[in-house]
There are 2 protein chains.
Amino acid sequence: MARYEQIASDLRDAIVRGDYPIGAQLPSEAELALRYSAARGTVRQAVALLAAEGLVGSRQGARRIVLGSERSQSFAELHSFAQWARSMGYRASGTVLSSRRRPCSPSEAVRLSLEPGEEVLDVLRLRRLDGEPVLVERTVYAGWIAPAVERLDPDCESVTQELYESVGLVFAYGEHLIDAVAAGSEDARLLGVRRGSPLLRQRRVTTTQEGRPVECSDDRYRAGSVTFSIRNSTAANPLVRRAGD
Amino acid sequence: MARYEQIASDLRDAIVRGDYPIGAQLPSEAELALRYSAARGTVRQAVALLAAEGLVGSRQGARRIVLGSERSQSFAELHSFAQWARSMGYRASGTVLSSRRRPCSPSEAVRLSLEPGEEVLDVLRLRRLDGEPVLVERTVYAGWIAPAVERLDPDCESVTQELYESVGLVFAYGEHLIDAVAAGSEDARLLGVRRGSPLLRQRRVTTTQEGRPVECSDDRYRAGSVTFSIRNSTAANPLVRRAGD
DNA sequence: AGCTCTGGCTTGTTTGTACAAGTTCGCCTA
DNA sequence: TAGGCGAACTTGTACAAACAAGCCAGAGCT
């Protein structure tokens, strides 16, 4: 763990613990540098981390201020349903309902950087939280990863983790589109809701560390089961609104 | 504009223009430093900006890779419906349907850091894109900003901009919760959809630069009119999933 | 009392240096 | 030919120093 991460972690703990309540000022960079025997640049890296998490705000000339005290989850927990569920104290389960290979559509070829007509793997999964069905996942995997996915246990809890352990695959980057849709008849049947009832849809494309697309997916959550949360500031905000297509 | 912002802007333009297509390698920091006659640290700040936007990814030891080429909007455009709409080439309009003062509820007191029972301003707005109603906005403003809000033109296009110009108020930080809900009868009537049809809901709390809460709001978008988009990486992702309450 | 202004404090930007750690690719060997 | 090894390259981390720019409180003035 890098020095600046240690410092960030220490400060984060202090904030979560309430040593610096919401609205309070953080010590100045100079003081922190002295306290941790680090250079000012290192301290700046640490507080930049906290600012990116939305925990503290900063303005030139004024002391940094504590804005929040909730710890936010890691990327892995965002990407992996199972890992997120576990960290929240839920028991996640899932079932593969269908899995078949087929040639990719033109739009999939673009999103996954494939040759037109190249083979992809189409998987339909139902996911549960504490036994309750909450998520219908329709995922399209690029052909090159298909064998590893097919080898997975159909009731495998965490696909992300299994793929990491079996072939060393790391999901590193992703783009997510979030909107609301009405439940289709299949969605309704699987999730146990009425047709036309609201679902929260998350469409995503995920790539490896090298920027190679792995999968794109259409995930639909039962309304009320899951909420997405974003903290943002003038400094950094990756969330954008887009016009409906 | 700082030097590192200029460099970031230049690189961003080059990426958007297609000089560095998706999957391509960016020049090394050393080369960029030479090209822009800047120190390596300055170049690093520039590319860190692009990485935060999700445009490029980086791994220790390997060249940086271009991950996307879409320009993402600024915070102002996320926060302000009107500014976002304008930047996307839409014509935004809006109407205040009701506006009244009342004592705040206990939960509002917590979210806006008010004394229990302190007065707040409750505003119901309908927003349109190119004349089509797409958004019902139920906003609760803290009492101290209420007079400025009441002075606004009921058909005012951009509340954010007007409040900045009239009282110098800057919305600096926000927390956003996104989920799907069924349209209530009022929602349905205002948006011209059937009751029970899916809406994308964004609940938010916004604060000033000093961390003082200004407003909390419940915004409901007609399904299909707007999509939220998030780019993330192992490095930074402010988006988290939360269990439904 | 209320206002202005100034000086000290704090964060923002930039440069330079050094080393650590990971990647890539060509060369050499079995 | 396949695999291993290592050198060169590239990004990550850390330190030090200097100046710019913005904030704030207290001194002084009206």
Side-chain angles (χ1 to χ4, degrees), chain A residues 1-11 20 23-52 55-67 168-170 172-173 207-212 233-236, chain B residues 1-11 20 23-52 55-67 75 168-170 172-173 208-212 233-236:
Chain A
M1 202 178 188
R3 188 91 182 84
Y4 77 92
E5 286 175 310
Q6 293 172 21
I7 297 175
S9 168
D10 196 63
L11 288 173
Y20 302 108
Q25 291 185 338
L26 234 52
S28 74
E29 293 176 2
E31 195 188 320
L32 290 174
L34 210 66
R35 180 186 307 177
Y36 291 106
S37 312
R40 192 181 150 219
T42 306
V43 170
R44 279 181 69 76
Q45 276 183 281
V47 293
L49 218 54
L50 300 184
L55 246 49
V56 305
S58 66
R59 306 133 63 200
Q60 184 171 70
R63 281 278 186 87
R64 257 171 267 262
I65 292 174
V66 178
L67 295 172
L169 183 71
V170 176
Y173 307 106
T207 71
T208 65
Q209 287 183 317
E210 294 83 22
R212 190 178 190 189
S233 70
T234 43
Chain B
M1 202 180 190
R3 188 90 183 85
Y4 77 92
E5 287 174 310
Q6 294 172 19
I7 296 175
S9 169
D10 196 64
L11 288 173
Y20 302 109
Q25 292 186 338
L26 234 53
S28 73
E29 293 175 1
E31 195 188 321
L32 289 173
L34 210 66
R35 179 186 308 176
Y36 291 106
S37 312
R40 192 181 149 219
T42 306
V43 170
R44 279 181 68 77
Q45 285 187 75
V47 292
L49 217 56
L50 300 184
L55 247 48
V56 304
S58 65
R59 308 134 62 201
Q60 184 172 78
R63 281 277 187 87
R64 257 171 266 262
I65 292 175
V66 177
L67 294 172
F75 174 82
L169 183 70
V170 175
Y173 308 103
T208 65
Q209 288 183 316
E210 295 83 22
R212 190 176 189 191
S233 70
T234 44

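Lettering follows sequence order; numbering is per chain, from 1.
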[atom1] of [X] versus [atom2] of [N]: gap in Å, rounded?
{"X": "B/E29", "N": "C/dT17", "atom1": "CD", "atom2": "P", "value": "16 Å"}
{"X": "A/Q209", "N": "C/dG22", "atom1": "CD", "atom2": "P", "value": "12 Å"}
{"X": "A/L49", "N": "D/dT13", "atom1": "CG", "atom2": "C1'", "value": "13 Å"}
{"X": "B/Y36", "N": "C/dT15", "atom1": "OH", "atom2": "C1'", "value": "18 Å"}
{"X": "B/L34", "N": "D/dC9", "atom1": "CG", "atom2": "P", "value": "14 Å"}
{"X": "A/E5", "N": "D/dG12", "atom1": "CD", "atom2": "P", "value": "12 Å"}
{"X": "B/Q25", "N": "C/dC25", "atom1": "CD", "atom2": "C1'", "value": "12 Å"}
{"X": "B/L50", "N": "D/dT11", "atom1": "CG", "atom2": "C1'", "value": "15 Å"}

For B/A38 and for A/R64, find the nucleotide of DNA chain C with the closest heavy atom, then tell me which residue's nucleotide is more 5'.
A/R64
Along DNA chain C (nearest heavy atom to each residue), the more 5'-positioned of A/R44 and B/V43
A/R44
So which one's nearest nucleotide on DNA chain D is more toward 5', B/E210 or A/R3?
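The residue mapped nearer the 5' terminus is A/R3.
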Among the nucleotides [options], which one has an atom lying closest to any side-chain atom of [X]?
{"X": "B/A2", "options": "D/dC15, C/dT15, C/dT13", "answer": "C/dT13"}
{"X": "A/A39", "options": "D/dA16, D/dT11, C/dT15", "answer": "D/dA16"}
{"X": "B/Q60", "options": "D/dT10, C/dG12, D/dG12", "answer": "D/dG12"}
{"X": "B/R63", "options": "C/dT24, D/dT13, D/dT11", "answer": "D/dT11"}
{"X": "B/R40", "options": "D/dA20, D/dA14, C/dA18", "answer": "C/dA18"}

Spell out, as yes or no, whether a donor-acceptor pair under 3.5 Å connects the side chain of A/R3 to the backbone of A/Y36.
yes
Examine distances only and state if a side-chain atom of B/R59 and a backbone atom of B/I65 form a donor-acceptor pair shorter than 3.5 Å.
no
Side chain B/R59 and base D/dG12 donor-acceptor under 3.5 Å
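For B/R59, whose side chain was compared with the base of D/dG12, there is no donor-acceptor pair (under 3.5 Å).
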Distance check, rounded to the nearest 0.5 Å: A/R40 atom CZ versus A/E31 atom CD?
14.0 Å
One should read off an interatomic distance between A/I7 CD1 and A/R35 CZ, to the nearest 0.5 angstrom, of 10.5 Å
Just N and O in the side chain of B/T42: are any of them under 4.0 Å from OP1 or OP2 of C/dT15?
yes
Do any side-chain nitrogens or oxygens of B/S58 fall under 4.0 Å of OP1 or OP2 in D/dG12?
yes
Could you pull out the closest heavy-atom pair between B/Y4 and B/T42, with the gap in Å?
CB-O, 3.6 Å
